[in-house]
Every structure is written in C-alpha cells, then in structure tokens.
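This report concerns only the one structure given below.
In this chain, numbering begins with 1 at the start of the sequence shown. Because the structure is predicted, anything quoted here is derived from the model rather than measured.
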Amino acid sequence: MNPSFHELEIFSTVARYRSFRKAAEERGVSPSALSHALRALEEKLGVRLLNRTTRSVLPTEAGARLLQTLEPAFHDVSLALQDLRAMQDTPTGALRINMPRPAARLLADRMARFILQYPRVSLEVVTEERLIDIVAEGFDAGIRFGESVAADMVSVPVGASQRFAVVASPEYLSIHGVPEKPQDLMGHACIGRRFPSGRRYDWEFENAETLFTVAVSGPLVLDDDDSMIRAAILGVGCTYVYEALVQQDIRQKRLQPILQNWMPVAEPFCLYYPSRRQMPLPLRVFIDFLKGREAATPLQV
C-alpha cells in the first residue's frame, strides 16, 4: 500500500526540523502522535526513515534520499495552492458561455466592458440557437429565455425585458401599404424565422393583455436576425425581431416600425449554470457584472 500525502508530509516536517517536538508545534498535534504516524509509515514502506535517540532525530540514508525528492515536490504543491488562493481573490481563468446570436449581439458591449475590467479572465462565447446540455458540452453557463432553461439549472435574469418590433423598409411600405392590425400581415411578404428544430416561428402579438399568434408567410425564411434585418432593409418584406437590434436602422430611416401598439414585451434573458456550490470566481463576477450594469440600464445596441 502506498503512503498517503499526509504521512509523507509528516515525515518531511519531522526530518526538516530534526525534532518531533518542533514538528508537533507546527502541526498542532502531540509529539507522540507524530512518532506513531512515523512508525506506521516506516512499517508500510518496509524501511527505516529516521534514527531516533533521546537527544536527536536524524534521517537515515533512505530517509535523506526520500526527503531530497519530497521537498521540491512539496514546494511546488505549496506554490500551486498559493496560486489557487490568489484565484479566489482575483478573477482568473477561462469562462465559456453558450448563447443565441441575438443575446450575443445585445450583450456585446457588456461583455467587452467585462473583459476590460477583468483582463485576467478569458471569455469564450459560442453562439447557436439549439438548446444544448451545457455540462456535457463543456460550458460554464448558458444564456437563454427563462422558459427554455432546464428545471435543474440555477437561473439568473440578466438584462432588462426586451420589446419586439415588426419592421419593414419605407420603400416596401410605400408600395404595399402599412398593416394596421396583425391579421393584415397575411396579405404581406413576411420574412420568416425557422428554429434549429425545423419549426417555423409564428409571430406573437398582444391585445388587451391577451397573447395570440399569426402564422405569416413570405418568400424568404431565415434563422439569423442580422440576415432578416438586412433583407427587410432591402425591401424583401416585413420582419419580426428584437426592437433593440433595429433601433439604429429606425433612427436612420432605413426601417420603419409598424403595429407598435400590438407588440408584447419579452421576458429578460437568463444566465443559467449547474450549481451554486463552489462556483468559479470568473462566473460569479460575470453574473454580478451583468446584473449590476443591466439592472439600471436597458440593453442597447
């Protein structure tokens, strides 16, 4: 049976001090306890490590050779533990987050400021629309709408609630007219959205706090907000996206919002992770950073 780290550490301490009493004082135990532990170690190894008299304790030849090997190893372990403790005080290390592309765009400024504030953290963001097992695929956390988060995950809202918008180019609306109610979209070219599962998204609207959907149709179906927005700017038709993603295009008259009184408010994105127990410090400060900044400031593009 191989000796334990604890047993080897006891031998190293006694051999270094050449005294059971001094070693016992350092370790906060009795000299007799150390003596008993050393005898057990020697019996386990089948070799005498220390010569003991009433006046002195000296390593044997075998003990001296073992000590010569152990001391650098224990020093390396000590340095590693110091580095680990330092990591608990200063956020350091890699942080992998999985999120959909719209969330990445909406949070881009926040994430850039986070890295500027915590330069020793390496933040890797993977964007995809499919729902994944973040633990199985090696991520520290994910960001999705709360309704999509598995029940066994810890979920934290990050960001203000988002509004949706239906937009089209002024040129398209001048030719085809402006829809006055969601049902009017059935007579318009609508740029559809398809989820990774293959399901097409039915556009959601609200009337007197009642949600309903419209199954729109049109000449183009995409799975990326930026592509949908670009197609709308070019006059392909109407599209349904987060309002924050098209604010600049609206201000610059490239797009025009329609049906504004019918648009629902989306729940905020949620950051989720497997457990509160022993949360990595980079993840803890990332959550605090997003919550602290966004609690007072809506997401901007």
Side-chain angles (χ1 to χ4, degrees), residues 1-98 111 114-126 133-141 154 271 273-289:
M1 181 184 298
N2 290 327
S4 67
F5 182 91
H6 176 69
E7 291 172 321
L8 293 173
E9 192 179 25
I10 288 175
F11 161 71
S12 175
T13 306
V14 174
R16 176 161 36 89
Y17 280 115
R18 298 190 176 186
S19 166
F20 280 95
R21 181 180 58 79
K22 291 181 180 179
E25 289 175 357
E26 178 182 301
R27 301 185 67 85
V29 297
S30 67
S32 61
L34 292 188
S35 179
H36 178 77
L38 256 297
R39 281 196 299 271
L41 174 62
E42 289 173 331
E43 290 176 5
K44 186 178 292 185
L45 294 175
V47 64
R48 190 174 184 84
L49 299 174
L50 297 173
N51 287 320
R52 312 163 179 81
T53 69
T54 55
R55 294 182 299 277
S56 65
V57 177
L58 293 174
T60 63
E61 181 180 356
R65 292 181 63 180
L66 179 59
L67 182 65
Q68 187 177 17
T69 302
L70 288 178
E71 288 289 84
F74 283 137
H75 178 70
D76 290 342
V77 170
S78 177
L79 291 179
L81 292 175
Q82 289 177 26
D83 289 343
L84 186 61
R85 284 189 288 269
M87 288 177 65
Q88 303 309 307
D89 299 327
T90 303
T92 304
L95 182 61
R96 299 187 75 231
I97 308 291
N98 184 284
M111 292 187 290
F114 172 78
I115 289 302
L116 291 174
Q117 183 165 331
Y118 298 101
R120 296 183 64 181
V121 175
S122 172
L123 178 61
E124 178 184 354
V125 175
V126 175
D133 183 336
I134 59 171
V135 175
E137 300 202 25
F139 291 95
D140 297 288
V154 180
L271 184 145
Y273 53 95
S275 173
R276 287 190 175 92
R277 184 173 177 270
Q278 295 179 332
M279 183 192 301
L281 184 57
L283 178 58
R284 185 185 308 135
V285 296
F286 184 67
I287 293 172
D288 291 343
F289 186 89

Got [X] and [Y] here, is their nearest side-chain heavy-atom distance under 4.5 Å?
X      : Y      : value
Thr60  : Val47  : no
Phe286 : Val121 : no
Ser12  : Glu71  : yes
Ile97  : Met111 : no
Leu67  : Phe11  : yes
Tyr118 : Leu95  : no
Glu137 : Asn98  : no

Do you know which two heavy atoms are closest between [X] and [Y], and how far apart they sit?
X      : Y      : value
Ala24  : Ser30  : CB-C, 3.8 Å
Ala64  : Pro59  : N-CB, 3.8 Å
Leu283 : Ala141 : CD1-CB, 3.9 Å
Val135 : Pro274 : CG2-CG, 3.6 Å
Leu281 : Pro91  : CD2-N, 3.6 Å
Ala23  : Thr13  : CB-CG2, 3.7 Å

Under 3.5 Å, side chain of Asp140 to main-chain N/O of Arg96, donor-acceptor pair present?
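Pair found, side chain donor or acceptor close to backbone of Arg96.
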
Would you find a donor on one side and an acceptor on the other, under 3.5 Å apart, between the side chain of Glu42 and the backbone of Leu49?
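Judged by distance alone, yes, a pair lies under 3.5 Å.
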
Quick one: do Arg39 and Glu43 make a salt bridge, cutoff under 4.0 Å?
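Here Arg39 does not pair with Glu43 in a salt bridge, since their nearest N and O are not under 4.0 Å apart.
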
Return the CG to CZ distance between Leu38 and Arg48, rounded to the nearest 0.5 Å.
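So the gap between those two atoms works out to 10.0 Å.
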
Please check if the number of heavy atoms outside Arg65 that lie under 6.0 Å from its CZ is greater than 12.
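Counting other residues, nucleotides and ligands, CZ of Arg65 stays at 12 neighbours or fewer.
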
Side chain to side chain contact (heavy atoms under 4.5 Å, CB included), that's the test. Do Leu41 and Ile10 meet it? Break it down for me.
CA-CA 9 Å; Leu41 174 62; Ile10 288 175; over 6 Å; no

Apply the test side chain to side chain contact (heavy atoms under 4.5 Å, CB included) to residues Phe114 and Val285: give CA-CA distance (whole Å), side-chain angles for both, the deciding distance (0.1 Å), then the verdict.
CA-CA 9 Å; Phe114 172 78; Val285 296; 3.9 Å; yes

Can you spot which of Arg27, Lys22, Arg21 makes a side-chain hydrogen bond (donor to acceptor under 3.5 Å, both in side chains) with Glu25?
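Single side-chain hydrogen bond (donor to acceptor under 3.5 Å, both in side chains) partner of Glu25 among Arg27, Lys22, Arg21: Arg21.
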
Using side-chain hydrogen bond (donor to acceptor under 3.5 Å, both in side chains) as the criterion, list what pairs up with Arg16, not counting sequence neighbours.
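None.
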
